[in-house]
J.: 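Questions regarding the structure given below will be posed in turn.
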Amino acid sequence: MTAIKFTARNVSDAAGAACQCAVLPVFTRKRLSRAAEQFDKASSGAIKAALTLGDFCGKSGETLMLPGAGGARRLLLVGCGDPAKFDRAAAREFCQATYAALNGTQAKDAMLHTVDLKLKDGDPKWLLAYLARHLTGAAYRYTETLTKPKPPIRLARMVVNTGGSIPVRAAQNALDQGVCTGLGINEARNLANLPGNICTPTYLAQQARKLSRGNSKLNVSVLEEKKMEELGMGSLLSVTEGSEQPAKLIVMNYKGGNSGQKPYVLVGKGITFDSGGISLKPGAKMDEMKFDMGGAASVFGTLRAITEMELPLNVVAIVAAAENMPSGRATKPGDVVTSMSGKTIEVLNTDAEGRLVLCDALTYAERFKPQAVIDIATLTGACVVALGSHATGLYANQDKLAEQLLAAGTDSHDRAWRMPLWDDYKKQLKSNFADLGNIGSPGGGSITAACFLAQFAQKYHWAHLDIAGSAWSSTPKGATGRPVALLTRYLMDRAGK
Ligand code: BES
Ligand code: MN
Ligand code: ZN
């Protein structure tokens, strides 16, 4: 995939610099940014003349393309609203509008002047990182199975002129971090968008090996079914019984920190297709269950981002990959399985398979003596009912971990909302024939699923992200790459970056 290359610069004579498109912030009430002022002079007043016509007023998200002036072949005016009210939401609109306008041109390079963009609720580094992340993400195209994919954006290079508002080194760092996060998001989207006949557990294992190639700090091992049997992962294996595709437990060990540092462990649900199994799902929208490895995809994406940033941190990523299918050999409702923890589970519904693979992965995570374990899963339709698509459901057995994740979500605009793990809900999982059932009595489906997982995560600080609503969108169909931005921000915070 081609990515836009970002370069930070400090240019005082904005109009003098050569570029195919100068991107100029303009505020309401005819207030021009410094760079826009300079281009107005270079164009003998063309910008002010355009404002006087009233077609463009500098409102947030508005854009106007003008013929070139000075060293620029084109001028793109981007509305930023009232400068005193320019906040992160306005900055996001600015980035979206800038991308949309540039995508409609043939410009191969652009120069964006940010000197007057002062965030009310953030620093210049946030703005630059968000800009690079947003444009990198917006330039993503799904191509794999299309003979005529959408054409890529022409823009190959963007120079960001901060006009000395921040040191060039710091600006470049922020841009680089944004690009890394954006590439991680795109990686997650791409994996999740792939159809289930291509993106199988075996394919995910190959992707892991590919990611580790040429990176001496990243070790990958793949546990095959035989090994999982030896470990007693009867719960995970019960999910794959009906499938022709072998399940894989993929372990990616990134050693960016000191050898003594305890790792952060990410655990991703990697159901490459969820038919529901014998508890077969209805036909409508069943295709979307190819996205049921969205948690795994976000683990891959996050790992991609942090390895590219070379974060000085130890991170273990575990992907529990399997396909959930019906067949004569498939697990049946009422079957009782024994998990790696020793707990027995009555499989009351084979469609509640995510928790069955995750519980064994969570037990396996104990061996890494983790600082914290975070699992990420498209776990329940009930979470979509509760929170819709805007918030990821967050559960945690430690308040500090919950707060850190919530803060990372707010900062990266990849938001989560905390949900309860009360014992009252746990009682809903009682079974007459096993230590617990894999579904709860009606009500609070996302919570009872989390309570199920909590029972396998008692030996460490743990959080669970239910991304059933946030990981993909149905119209238009496609993966969102969430919560890569949240997780990357969380790990950057831990690394002090
Ligand atoms: N992968 C689904 C959850 C899901 C459903 C995600 C819809 C996104 C959209 C999960 O494996 C599942 O089937 N969960 C069941 C659990 C139920 C049987 C207790 C559900 O949510 O219906
Ligand atoms: Mn299911
Ligand atoms: Zn599922």
J.: So, Lys5 and Asp176, do they make that salt bridge, N to O below 4.0 Å?
T.: no
J.: Carefully, step by step, assess Met65 and Cys21 under the rule side chain to side chain contact (heavy atoms under 4.5 Å, CB included).
T.: CA-CA 9 Å; Met65 192 68 82; Cys21 184; 4.3 Å; yes
J.: Considering residues, nucleotides and ligands other than Arg415, do more than 12 of their heavy atoms fall under 6.0 Å from its CZ?
T.: no
J.: Are more than 12 heavy atoms from other residues, nucleotides or ligands located less than 6.0 Å from atom CD of Glu310?
T.: no
J.: Minimum heavy-atom separation for Ala495 to Leu311, with atom names?
T.: CB-CD2, 4.1 Å
J.: Can you give me the closest heavy-atom contact between Ala8 and Val168, atom names plus distance?
T.: O-CG1, 3.6 Å
J.: Give the minimum heavy-atom separation between Tyr460 and Leu362, together with the two atoms involved.
T.: OH-O, 2.7 Å
J.: Would you say the side-chain atoms of Arg189 pair up with the backbone N or O of Gly137, donor to acceptor, closer than 3.5 Å?
T.: yes
J.: Locate the shortest heavy-atom distance separating His464 from Ala377; write the atom from each residue and the value.
T.: CE1-CB, 4.3 Å
J.: Let me confirm one number: the CG-OG1 distance from Asn193 to Thr145, rounded to the nearest 0.5 Å.
T.: 9.0 Å
J.: Closer than 3.5 angstrom, by distance alone: can the side chain of Asn161 be matched with the main-chain N or O of Thr114 as a donor-acceptor pair?
T.: no
J.: Calculate, to the nearest 0.5 Å, the distance between atoms CE and CG belonging to Met289 and Asp274 respectively.
T.: 6.0 Å
J.: Mind checking the CG-CG spacing from Leu128 to Leu112? Nearest 0.5 Å is all I need.
T.: 8.5 Å
J.: Could you walk me through whether Met309 and Thr181 satisfy the side chain to side chain contact (heavy atoms under 4.5 Å, CB included) test, starting with their C-alpha distance in whole Å, then the side-chain angles of each, then the deciding distance to 0.1 Å, before giving a yes or no?
T.: CA-CA 9 Å; Met309 286 181 199; Thr181 307; 3.4 Å; yes
J.: I'd like to know whether Leu191 forms a side chain to side chain contact (heavy atoms under 4.5 Å, CB included) with Tyr203, so could you lay out the CA-CA distance, the side-chain angles of the two residues, the decisive distance to 0.1 Å, and finally the verdict.
T.: CA-CA 10 Å; Leu191 279 176; Tyr203 181 89; 3.9 Å; yes
J.: For residues Asn314 and Tyr254, is any side-chain donor paired with an opposing acceptor at under 3.5 Å?
T.: no
J.: Measure the OG1-CG distance between Thr143 and Asn190 for me, rounded to the nearest 0.5 Å.
T.: 6.5 Å
J.: Any donor-acceptor pair under 3.5 Å linking the side-chain atoms of Ser470 with those of Thr392?
T.: yes
J.: Does any part of the side chain of Leu266, heavy atoms only, come nearer than 4.5 Å to the side chain of Asp375, both counted from C-beta?
T.: no
J.: Would you say Arg154's side chain and Thr105's backbone share a donor-acceptor pair under 3.5 angstrom?
T.: no
J.: Closer than 3.5 angstrom, by distance alone: can the side chain of Asn186 be matched with the main-chain N or O of Thr136 as a donor-acceptor pair?
T.: yes
J.: Taking the side chain as every heavy atom from C-beta outward, state whether Leu405 and Arg489 have any pair of such atoms under 4.5 Å apart.
T.: no
J.: Could you go through Arg418 and Asp399, starting from their C-alpha distance and side-chain angles, then the distance that decides it, and tell me whether this counts as salt bridge (Lys or Arg N to Asp or Glu O under 4.0 Å)?
T.: CA-CA 10 Å; Arg418 191 166 183 192; Asp399 290 340; 2.9 Å; yes
J.: When rounded to the nearest 0.5 angstrom, what distance separates CG in Leu51 from CG in Leu77?
T.: 7.0 Å
J.: So, Asp13 versus Gln38: side-chain donor-acceptor pair below 3.5 Å or not?
T.: no
J.: Would you say the side-chain atoms of Trp462 and Gln398 include a donor-acceptor pair closer than 3.5 Å?
T.: no
J.: I need the minimum non-hydrogen distance between Phe86 and Ala90, along with the two atoms involved.
T.: CD1-CB, 3.8 Å
J.: Are any non-hydrogen side-chain atoms of Val179 and Arg133 less than 4.5 angstrom apart?
T.: no
J.: Taking the side chain as C-beta and beyond, is there a heavy-atom pair between Gln177 and Met492 under 4.5 Å?
T.: yes
J.: Output the distance between atom NZ (Lys85) and atom SG (Cys80), rounded to the nearest 0.5 Å.
T.: 14.5 Å
J.: So, using ring pair (Phe, Tyr, Trp, His ring centres under 6.0 Å) as the criterion, who are the partners of Phe6 when residues are at least two apart?
T.: none
J.: Would you indicate whether the side-chain heavy atoms of Thr7 and Gln172 approach each other to under 4.5 Å?
T.: yes
J.: Please determine, by modelled atom types, if Gln20 and Arg73 share a side-chain donor-acceptor pair under 3.5 angstrom.
T.: no
J.: Between Thr380 and Asp466, is the side chain to side chain donor-acceptor pair (under 3.5 Å) condition met? List the steps.
T.: CA-CA 7 Å; Thr380 64; Asp466 193 334; 2.7 Å; yes
J.: How would you list, by chain and number, every residue that makes a side-chain hydrogen bond (donor to acceptor under 3.5 Å, both in side chains) with Asp292, sequence neighbours excluded?
T.: Lys269, Thr378
J.: Start with the C-alpha distance between Ile318 and Ile250, add both sets of side-chain angles, then the distance that settles side chain to side chain contact (heavy atoms under 4.5 Å, CB included), and finish with yes or no.
T.: CA-CA 6 Å; Ile318 303 173; Ile250 304 162; over 6 Å; no
J.: Strictly by modelled atom types, are Thr28 and Asp82 linked by a side-chain donor-acceptor pair under 3.5 Å?
T.: no
J.: Do Leu204 and Lys248 have side-chain heavy atoms sitting under 4.5 Å apart?
T.: no
J.: Which heavy-atom pair separates Pro201 from Gln245 by the least distance, and what is that distance?
T.: CD-CB, 4.2 Å
J.: Do the side chains of Phe39 and Leu66 get nearer than 4.5 Å, heavy atoms only?
T.: no
J.: Indicate the ring-plane relationship of Phe368 and Tyr364, choosing parallel, tilted or perpendicular according to the 30° and 60° boundaries.
T.: perpendicular
J.: For the backbone of Asp40 and the side chain of Ser43, can you confirm whether one donor and one acceptor N or O come within less than 3.5 Å of each other?
T.: yes
J.: Tell me whether the NZ or CZ atom of Arg494 lies within the 45° cone about the ring axis of Tyr490 and under 6.0 Å from its centre.
T.: yes
J.: Would you please test Glu323 and Thr200 for side chain to side chain donor-acceptor pair (under 3.5 Å) and show each step?
T.: CA-CA 8 Å; Glu323 193 185 57; Thr200 59; over 6 Å; no
J.: For residues Leu303 and Leu218, determine if any side-chain heavy atom of one lies less than 4.5 Å from a side-chain heavy atom of the other.
T.: yes
J.: Taking the basic N atoms (NZ, or NE/NH1/NH2) and the acidic carboxylate oxygens, is any pair closer than 4.0 Å for Glu37 and Arg31?
T.: no
J.: Ignoring hydrogens and angles, tell me if any N or O in the side chain of Thr480 forms a donor-acceptor pair with the backbone of Ala471 under 3.5 Å.
T.: yes
